[in-house]
Amino acid sequence: MAEQGAADPGNNNNNNKPEDSEGTIIKVTVKTPKDKEEIAIAEDASVTQFKEEISKRFKAKQDQLVLIFAGKILKDGDSLSQHGIKDGLTVHLVIKTAHKYVSDGASTSASSSTSTQAGSSSTSSPAANPTSTSAPSGSAPPSTQTPNLLTGFGDLAGLAGLGMGSANFMELQQQMQRQLMSNPEMLSQIMENPLVQNMMSNPDLMRQMIVANPQMQQLMERNPEISHMLNNPELMRQTMELARNPAMMQEMMRNQDRALSNLESIPGGYNALRRMYTDIQEPMFSAAREQFGSNPFSALGGNSESGAQPSRTENREPLPNPWGPPNSSTSSESGTGTTGSTSTTGSTNPSVSNPLGINPGSLGNGMFNSPGMQSLLQQISENPQLMQNMLSAPYMRSMMQSLAQNPELASQNPASSPSSTGTNAAQQQLMQQMLQMFAGGGGGGSTQTPEMRFQTQLDQLSAMGFINREANLQALIATGGDINAAIERLLGSQPS
Amino acid sequence: MDQSGPYPVKLYIYDVSRGMARALSFQMIGKHLEGIWHTAIVVHGKEYFFGGAGIGSCPPAGTVLGEPDSIVDLGSTEVNEEILREYLKSLSESTFSGDKYNLLEHNCNSFSSDVAHFLTDKKIPSYITELPSDVLSTPFGQALRPFLDSMSISPGGNSVTGHR
């Protein structure tokens, strides 16, 4: 047996081993997430032998290897043929990173798979996560030792008694964190825990923990304002309040989002905002992302630069919303303002309004030759955010609603009549609806026709002297009801 | 959670376009698409998927996409959570890190396909993996390609990368 394993590892050829293997040598592909290798092994070999070979090839210890085939874990005592492993098949390999599997006892965190061991007690990125430290068990030792947490542990024999069996507290924290993040009920449960609440209400402790995180330190160097914020106990407390209540946090984020979208309208304000956020927000997020392993704000649906600032930055007074309908897709407004004329058939040069240089005429069948579609394409191409909005479900729903109102329209657009003027009107209307949806970010799923919604604006426009009602309506739809922008559109897009 | 014994593995399929593709795709791109598919693997009571932010996890049906359009049963696996986590961690460092996301070529469905194979040796339905090539085979798809390349779908959730 041993000779088989000791055979020349580079020897992949069919070698008739005279000894115990009666079967032929088969070549099995062993695939790790990063790598894959072909290993030659006897057909009737055992898993242990297989692992020997593998450990040589992958330079890992045998007990670190976990082999998976067809959804089953190959145990050492099994044989390859037992699992049906034949020539040319692929077996998955997971190399455990120096951890021994330890079954944990009952603990509130329900981390069923903690598998950490003393030994490599790496103090890598001590997670300054407020929730996980005292969560594991309400017992005293962890909480009193919280400052020590940040320095890492060597021998944690004492903790084994807690039932966690995990020696490297840092790792434990990380895993807990992950589990917590993915299980909101657990999170709220833990928040209820008075121990946690006590800890959270101690701003000094919080600050200490946060500061100890090397990524935060980096961030703080770059942005001294952050360290300033951390030193302000009032702010800390507020933050912790928020952290305790995730719903409130989201609410606050959204408010700030909307406020930001309003700020865009101030000349110069937009740029200042943008600057501020790229300075503060991005590094903060990359730090937060690496540390917490999550981008909790991505769920807010693709709000780009204004997407959720951390609550620690300065509060902004929400300004009155001049745009009317609730509009949380900020960038689309800037997008719609700039789309000028509609049809420019045949223009292929990438221009500011048509960055992809899409030649609508060449796009084949469909509704491409209709001006509405072209403007849609232009809008989309110059503003990827629209596309993003398009793909995020909440907006889709309202689009579907409006489409459902006009099922005839949807069916009236046969692909076979691309430029027939007969259906142009119907197409136009559909396009208008789509544009409206995009520009308005799906609004509130309103079921009124655009005409009804913009009645007042239409009247105003005609009072001003814009008698082309059709064009007015289009402009209003494209700008989401904003009269000034609509006027610009009308003035800017003289029919050619 | 039990430590051993087979765990059922399911594939959750979401239509990101919420039916819009089914209604409009033929007119828009000249080809009928049943949906724009985003998939995720659900096992051990968690949903795992790959998006612009890397590998993510959340409670099943817990992203903004809500409930899946369809669920495919992939069988069951003996791989427990710990091993899966290790596996995902390696993946997130190599082939499925966030920056490797490409909407057309290396997307959530590639991830689901890989993980499904890892867990149960089964493949995910081909209509899902063929979607990008379906779209690219139309002129519309070709024209929008540079634009699609820069996009990504990130349904939220929490990243599994976990810093050690």
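Keep in mind it's a predicted model, so treat the numbers as computed, not measured. Protein chains get the first letters and strands the later ones, always in sequence-line order, with residue 1 at the start of each.
By the side chain to side chain contact (heavy atoms under 4.5 Å, CB included) test, B:Pro68 is found to be paired with B:Tyr12, B:Tyr14, B:Ala61, B:Ile71, residues two or more places apart in sequence or in another chain being considered.
In this structure, chain B has a heavy atom under 4.5 Å from the side chain of A:Ile68, while its backbone stays farther away.
Among residues at least two apart or in separate chains, side chain to side chain donor-acceptor pair (under 3.5 Å) pairs with a member in residues 124-143 of chain B are B:Lys31-B:Ser137. Residue pairs meeting the salt bridge (charged side-chain N to carboxylate O under 4.0 Å, His left out) criterion with at least one partner in residues 60-76 of chain B, sequence neighbours excluded, are B:Lys10-B:Asp73.
Annotation for A:Ile73 and B:Ile83: closest pair CD1-CD1, 3.7 Å, computed over non-hydrogen atoms. Nearest heavy atoms, A:Ile95 versus B:Glu86: O-OE1, 3.7 Å.
Within residues 109-125 of chain B, the residues approaching chain A closer than 4.5 Å by heavy atoms are, in numerical order, B:His117, B:Phe118, B:Leu119, B:Thr120, B:Asp121.
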Inset, instruction - Output, in order, the C-alpha distance, side-chain angles, deciding distance and verdict of side-chain contact (heavy atoms from CB on, under 4.5 Å) for A:Lys75 and B:Glu78. - result: CA-CA 11 Å; A:Lys75 312 220 188 333; B:Glu78 272 179 24; 3.8 Å; yes
